[in-house]
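Order of appearance sets the numbers: ligands from 1, and atoms from 1 within every ligand.
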Amino acid sequence: MNIGFTAKMEEQLDDIADGELEWEPMLKEFYRPFDESIEKTMKEAERVPRESLEEETGESCELCGNPMVIKSGRYGRFMACKGYPECKNTKPVESPEEKAIRELVSEDVDEFCDKCERPMAVKTGRNGRFLACTGYPECKNAKPLPVGVACPDCGNDLVERKQKGKNGRTFYSCSNYPECKFAANPLPQPCPDCGKLLVTRGRGRRNARCLDEACGFTGATPQAEVEEAVA
Ligand SMILES: [Zn+2]
Ligand SMILES: [Zn+2]
Ligand SMILES: [Zn+2]
Ligand SMILES: [Zn+2]
């Protein structure tokens, strides 16, 4: 809207208030050009090319090698392969923290299917990463991804899981769940002493501890250290 138009509009509203102008024709006069400009905007907005709405991610598609880009859809933001429609690979958008946590857990797993003995491979699904039998679709065996550290409570493997829902956080829990209820929130930094996985202890995110009992590192989370330095 331009200032002249607004000033004229205000003047006319004053006239209406003073009873000098009929309000109905005046409103029509106001809305007609307004209506037209909305229609014009709608038409032009449709002409914005789809590519300009995409954001680069610096990652490439593990299926075809094309770059992965962030798109916005009806259900929010997601990563999709630039090779669409030939390649339909999509995955959820990760925060930098989630990405760092993912990179801490190696995907080089040396496990074999307990049903058909073929090797297991890492796949990413709606609820995060998991191990799937390479014999799929004949063998549909799947299990959670081990993080390479033993459960401090019972000694079984710890596995990576993801809370359900669109913004579900990644956490580590015991593969012996529900018998063992150990669970911990991962931190995006490795242990400063041994390089293994660092988790938060107790409520809040201020205390860190190494997941490896043998290492035994405990300390403030790097974030808490920053907060203390500032305070
Ligand atoms: Zn692809
Ligand atoms: Zn199998
Ligand atoms: Zn356990
Ligand atoms: Zn450690």
Side-chain angles (χ1 to χ4, degrees), residues 50-51 53-73 77-94 97 99-107 109 111 121-126 128-132 136 143-163 170-202 205-225:
R50 278 193 160 269
E51 287 72 44
L53 300 171
E54 294 175 355
E55 249 175 77
E56 304 289 327
T57 63
E59 284 190 42
S60 44
C61 174
E62 68 270 27
L63 301 181
C64 74
N66 271 306
M68 294 295 282
V69 290
I70 295 174
K71 292 190 179 188
S72 294
R77 283 149 50 85
F78 62 99
M79 274 206 267
C81 177
K82 220 170 172 153
Y84 182 87
E86 287 79 38
C87 174
K88 294 188 170 58
N89 190 18
T90 60
K91 42 189 181 180
V93 177
E94 280 181 321
E97 199 185 42
K99 190 175 179 209
I101 289 166
R102 180 167 56 83
E103 282 167 358
L104 280 177
V105 178
S106 169
E107 294 198 350
V109 287
E111 290 219 25
V122 178
K123 297 264 182 263
T124 303
R126 190 187 294 267
R129 294 187 291 184
F130 61 99
L131 284 184
Y136 185 89
K143 51 185 182 177
L145 176 67
V147 300
V149 180
C151 171
D153 286 355
C154 73
N156 280 295
D157 286 344
L158 287 180
V159 293
E160 185 176 282
R161 294 196 189 264
K162 207 166 179 181
Q163 291 173 330
T170 297
F171 64 99
Y172 305 143
S173 70
C174 185
S175 56
N176 196 28
Y177 181 88
E179 281 77 46
C180 173
K181 297 207 164 46
F182 178 86
N185 293 315
L187 287 165
Q189 306 83 8
C191 171
D193 285 357
C194 73
K196 285 193 185 140
L197 304 171
L198 211 54
V199 296
T200 52
R201 188 177 55 180
R205 294 177 60 78
R206 295 184 63 82
N207 295 307
R209 80 163 190 222
C210 180
L211 255 190
D212 186 355
E213 291 279 271
C215 164
F217 170 84
T218 58
T221 61
Q223 183 55 37
E225 270 170 22

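Environment of CZ in F217: crowded, with over 12 heavy atoms of neighbouring residues, nucleotides or ligands closer than 6.0 Å. Enclosure of atom NZ in K91 by more than 12 non-hydrogen atoms of other residues, nucleotides or ligands within 6.0 angstrom is indicated.
For the residue pair T170 and P186, the shortest heavy atom distance occurs at O-CD, 3.3 Å. The two residues F171 and A183 make their nearest non-hydrogen contact at CD1-CB, 4.3 Å.
Around the Zn ion (ligand 1), the protein contributes the following N, O or S atoms at distances under 2.8 Å: C61 SG, C64 SG, C81 SG, C87 SG. Taking distances strictly below 2.8 Å, the protein N/O/S atoms close to the Zn ion (ligand 3) are C151 SG, C154 SG, C174 SG, C180 SG. The Zn ion (ligand 4) has C191 SG, C194 SG, C210 SG, C215 SG as protein N, O or S atoms under 2.8 Å away.
Taking CZ of R129 as the start and CG of L145 as the end, the distance is 5.0 Å to the nearest 0.5 Å. The NZ atom of K71 sits 9.0 Å away from atom SG of C81, with the distance rounded to the nearest 0.5 Å.
By the side-chain contact (heavy atoms from CB on, under 4.5 Å) test, A132 is found to be paired with K123, F130, residues two or more places apart in sequence or in another chain being considered.
For the pair S175 (side chain) and N156 (backbone), a donor-acceptor distance under 3.5 Å is absent.
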Discussion item. Determine whether M68 and N89 satisfy the following criterion, side-chain contact (heavy atoms from CB on, under 4.5 Å), listing intermediate values before the conclusion.
Written reply: CA-CA 9 Å; M68 294 295 282; N89 190 18; 4.1 Å; yes
Item to complete: Go through L158 and F182 one step at a time and tell me if the side-chain contact (heavy atoms from CB on, under 4.5 Å) criterion holds.
Response: CA-CA 9 Å; L158 287 180; F182 178 86; 3.6 Å; yes
Fill in: Working for side-chain contact (heavy atoms from CB on, under 4.5 Å), residues V199 and L187
CA-CA 5 Å; V199 296; L187 287 165; 5.9 Å; no
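Side-chain contact between E179 and C154 is absent, with no heavy-atom pair separated by less than 4.5 Å. By the 4.5 Å heavy-atom criterion applied to side chains, Y172 and V105 are counted as neighbours.
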